[in-house]
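The structure under discussion appears below in the form of structure tokens.
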Amino acid sequence: MMKDYIQQTEQVLLHTYDRFPIVLERGEGVYLYDLNGKRYLDFAAGIAVFALGYGNEAYNNALKEQIDKIIHTSNLYYNTMAAEAAGKLIKASGMDKVFFTNSGTEAVEGAIKAAKKYAYLKDGSANHEIIAMKNSFHGRSLGALSVTGNEKYQEPFRPLMEGVKFAAFNDLQSVEAQITEKTCAIILETIQGEGGIHPASKDFLEGINLIAREKDILLIFDEIQCGMGRTGEMFAWQNYGIVPDVMTCAKALGCGVPVGAFVLNEKTAQGSLRVGDHGTTYGGNPLVCAAVSKVFDLYEEKQLLKHVRNVSGYLEKQLDCIVKKFECIAMRRGKGLMQGLVIQGKKAGDVSQRLLEEGVIVVIAGTDVLRFVPPLIIEKEHVDEMIDKLERCLSRL
Ligand SMILES: *Cc1c(COP(=O)(O)O)cnc(C)c1O
């Protein structure tokens, strides 16, 4: 029966993904079930989305209640949920203004527009430059793709947005070399996700912060994957004590409903986008905002950040044992519940395939990194179960 659905899907959906050959039907906690009832331990969380795990009753009920009240109003009117959700995002970040989007890539688009407008209002010219990082990922729409430092993703779609310069991540001199009079923003992931789980170094962020303050260049931190508690702080930059001017969020922000946001500090909010500069029909509608609001409540209720700090220490320790034990594993990188194992010999795909057969879901990052981004509610016993099966797969490799 799974085969039928797979065949049917391939007939009607554009083939832009090589999907794993399973049809998922439902989830419970940190486990997913396919159509045959086979159970999978989920260390992918729908790519760092389902932080609260599947079937959280309070979350589900908040959505059901909101569906019965109102799902959508457009942004021409006020609604209670947008104010509530944005208020909680402001409080968690200490930043000042929120614009809700429908996805991560749209949050990046908005952040880019805010930076361009800020520079435009400052000097009246319209040829500003943005510095982005090599090996980065910011999304698939054309603006976000323009700042995504991956030749393979960019090439077929040129010409892209002008004025983007690339620097090497964690190399301050390389960033300095790209700065000109026209630089309006530096965009980076606090922890590079798709590029293979590379955390920014403290020196690098501090150096960039100094340059940005001195020259009034806006710092845009893409927290779409590493944010929302994944590192043990609500936002990864909070581990460094460096505050961006603009931050992008999505993925776990709504824990499964399509919502993203770009969040601005007062300076950027006051000096950039105004009425008519930006908009969205769905963005921040009552349904997704009910989800966002409930997500923040549940993080607090479950003391999820503290839990992440506890359980991720254990995960790191167990992964480090794997690194020692198996020669094909070069190293571990990551922070909190965003971890990667570098697998030598282009075997990452094989390992994830075998793990799936064993009933564990993981995804690849870059070309050779096995990525672990589980729901934030995982417990030590789930780490043990995953490690057990991972060992079995690796020893058969
Ligand atoms: C996933 C991701 C995006 C894109 O988000 P979408 O919701 O897929 O558009 C952008 N930046 C980072 C860091 C991401 O991980």
Side-chain angles (χ1 to χ4, degrees), residues 14 16-17 19 43-51 99-115 130 132-150 153-154 157 160-161 164 166 169-170 185-200 205 219-231 234-237 239 244 246-263 280 282-284 288 291-292 295 333-340 362-366 369 371-374 376:
L14 190 64
T16 57
Y17 283 94
R19 294 168 204 265
F43 263 74
I47 318 187
V49 169
F50 243 100
F99 185 104
F100 284 118
T101 65
N102 308 294
S103 65
T105 201
E106 284 171 80
V108 172
E109 298 289 328
I112 292 172
K113 280 180 75 175
I130 294 175
M133 300 300 138
K134 291 174 185 165
N135 197 43
S136 61
F137 183 84
H138 297 291
R140 305 291 196 156
S141 54
L142 287 167
L145 181 61
S146 302
V147 292
T148 289
N150 184 323
Y153 290 165
Q154 286 195 336
F157 306 108
L160 294 168
M161 185 175 76
V164 180
F166 287 96
F169 192 62
N170 279 338
I186 299 171
I187 182 168
L188 57 88
E189 296 153 87
T190 324
I191 300 177
Q192 289 191 332
E194 302 298 316
I197 317 290
H198 295 272
L205 282 198
L219 275 189
I220 304 172
F221 287 176
D222 184 340
E223 289 265 334
I224 290 169
Q225 190 163 154
C226 60
M228 290 308 290
R230 192 150 286 284
T231 63
M234 190 59 91
F235 300 105
W237 49 263
N239 294 293
V246 184
M247 152 174 87
T248 58
C249 300
K251 292 200 163 93
L253 178 63
C255 280
V257 297
V259 59
F262 61 99
V263 186
T280 164
Y282 284 137
V288 299
V292 172
V295 165
R333 283 194 298 258
K335 171 108 187 131
L337 290 179
M338 182 170 180
Q339 297 286 341
V362 294
V363 282
I364 306 297
V369 177
R371 166 169 42 172
F372 303 90
V373 285
L376 304 185

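In each ligand, atom 1 is the first atom listed, and ligand 1 is the first ligand listed. Everything quoted here is computed from the prediction, not taken from an experiment.
Inspection of the Glu223 and Thr190 side chains reveals an N or O donor paired with an N or O acceptor under 3.5 Å.
The shortest heavy-atom contact between Ala250 and Ser103 is CB-C, 4.1 Å. A pairwise comparison of heavy atoms in Ile224 and Cys249 identifies CG1-C, 3.7 Å as the closest pair. Contact record, Lys251 with Ala48: CB-O, 3.5 Å, taken as the closest heavy-atom pair. Between Leu205 and Ala200, the shortest heavy-atom contact is CG-CB, 3.8 Å.
In this structure a side-chain-to-backbone donor-acceptor pair under 3.5 Å is present from Arg230 to Leu337.
Within 4.0 Å of ligand 1, protein heavy atoms come from Ser103, Gly104, Thr105, Phe137, His138, Gly139, Glu189, Asp222, Ile224, Gln225, Lys251.
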